[in-house]
Number of protein chains: 2
Amino acid sequence: MRSRGEAGASAGRPRSEEAHQAILGATLELLAEVGFSALTVEGVANRAGVGKATIYRRWPSKLPLVVEAFGQLPAFEDVDSGSLEGDLKAMLRTFLENFLATPLATVYPSLAAERSHNPDLGELLDPVLKGRRQPLARAFERARERGEISPDINAELAADLVVGPIAVRLFFTGMQIHPDMVEPMIDLALCGLVASPGGTS
Amino acid sequence: MRSRGEAGASAGRPRSEEAHQAILGATLELLAEVGFSALTVEGVANRAGVGKATIYRRWPSKLPLVVEAFGQLPAFEDVDSGSLEGDLKAMLRTFLENFLATPLATVYPSLAAERSHNPDLGELLDPVLKGRRQPLARAFERARERGEISPDINAELAADLVVGPIAVRLFFTGMQIHPDMVEPMIDLALCGLVASPGGTS
DNA sequence: TTCTGAACGGAACGTATAGTATCGTAATCG
DNA sequence: CGATTACGATACTATACGTTCCGTTCAGAA
């Protein structure tokens with residue numbers, strides 16, 4: 001049983017890479033416009049200008065299709081500026097820029113909601129999400145190694161602390177994030193981390 | 001044209017309050033199980049043991065039905081313990097308890113996602129959401145009046161800071177919130193607020 | 001150049017569901 | 001006790017989706 005490997009099947013018309021990208025792009029667009037559950041393979045096919053069969057030939061269902069499309073969206077960049085504050089500000093700034101420039105703002109909630117009802121999506125999506133946030137968690141770990149933050153601060157939790165407010169505004173107030181808000185958000189989060197938490201240790 | 005006011009229509013069989021509650025309850029259950037977009041009026045009718053017409057007679061569409069059902073879920077309690085830390089810990093604790101005891105954890109993401117694609121839902125839902133978070137924002141305002149936190153801290157932003165990490169864990173890690181995590185979460189958020197942010201003013 | 005085989009876009013088929021209309025029954029008011 | 005309205009149940013229509021099939025197109029092998 002040969003798989004559809006690059007050189008295995010050999011003969012025949014090769015799959016169009018152009019169609020591949022068109023499908024993924026259309027998937028992202030529709031994901032942003034109508035959400036995961038309202039996204040249909042037919043809609044993707046029409047938007048991409050391909051036949052439905054072309055999609056079913058490559059992805060068994062819309063689920064892995066959506067996850068692959070989501071994976072093409074930009075995540076946190078791995079920045080190492082030398083200080084936690086510098087890392088966070090750089091990362092969050094580009095992250096917010098990505099939110100403004102890509103469908104991330106609407107795709108994210110849609111996938112998160114579906115995830116809570118669809119365990120299959122969770123299994124496919126969770127590693128992707130974890131990978132996306134890894135640069136952020138790494139920045140906290142570097143800061144801990146540098147002694148910038150208390151060693152007993154949970155890096156995962158700290159990452160949540162930084163991303164959380166953004167997510168909340170995003171999900172519940174309809175993307176009312178102005179670039180000006182990044183600084184106070186980071187400041188607020190930072191003073192809970194860089195200031196020695198003597199009173200709470 | 002008389003409305004369906006309490007004493008206006010007078011004659012005829014009155015609407016069953018029992019059916020009303022059964023419909024709202026079934027709506028919440030299904031909202032938690034399948035999400036907003038997969039929720040069907042027919043499904044609600046079956047679950048509630050009522051006819052479809054009974055639902056359409058009272059709600060023009062599933063949208064206001066869902067919003068009304070969501071409004072029945074518990075929100076933040078208005079606690080005034082005298083200190084910000086006490087208020088936050090009490091509020092967040094009961095809030096998390098509510099998350100464990102009600103379908104909030106799955107209903108929330110579902111509505112948030114739909115909101116980003118459906119402006120009509122946003123208009124219905126936003127006042128409800130704002131009202132739910134008001135006790136939290138009020139606690140911050142009281143703290144500011146007491147001088148517990150810097151007067152130039154944005155109460156809305158601070159509320160986001162506290163709720164954010166919970167929302168993130170909830171949405172993207174599948175409700176991995178243990179009650180034990182409440183304390184460190186609050187501590188982390190608090191030291192950014194009660195500690196005078198001299199370096200960032 | 002010709003042949004082969006897989007992928008292509010488009011169309012057809014069967015299924016499912018939303019929303020409406022209608023029925024006979026039940027319940028309250030005058 | 002009659003009038004009026006709501007009730008649960010069923011049938012119906014229209015739409016939309018997933019899936020499969022079909023004739024055509026294209027790249028590589030002979």
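Naming: A, B, ... by sequence-line order, numbering from 1 per chain.
- Comparing atom distances between the B/R15 side chain and each of D/dA6, C/dT20, D/dG18 picks out D/dA6 as nearest.
- Taking only side-chain nitrogens and oxygens, A/R57 comes nearer than 4.0 Å to OP1 or OP2 of C/dC8.
- Ranking D/dG18, C/dG19, C/dC8 by closeness to the A/A19 side chain, first place goes to C/dC8.
- Of the listed nucleotides (D/dA9, C/dG19, C/dG10), D/dA9 has the atom at the smallest distance from the side chain of B/A53.
- Distance from the side chain of A/V41 is smallest for D/dG18 among the nucleotides C/dG9, D/dG18, C/dA7.
- Regarding A/N46, its CG atom lies at a distance of 12 Å from the P atom of D/dA16, rounded to whole Å.
- A salt bridge links B/R47 with B/E33: the closest approach of a Lys/Arg side-chain nitrogen to an acidic carboxylate oxygen falls below 4.0 angstrom.
- For the pair A/K62 and A/F36, the cation-pi test (distance below 6.0 Å, angle within 45°) is passed.
- Between A/E17 and B/Y56, the residue whose closest nucleotide on DNA chain C is further toward the 5' end is A/E17.
- Separating the CD atom of A/E42 from the P atom of D/dT19 is a distance of 12 Å, rounded to the nearest angstrom.
- Along DNA chain D, the nucleotide nearest A/K52 and the nucleotide nearest B/A48 are compared for position; the residue whose nucleotide lies closer to the 5' end is B/A48.
- In terms of phosphate contacts, B/T54 brings a side-chain nitrogen or oxygen within less than 4.0 Å of OP1 or OP2 of D/dG8.
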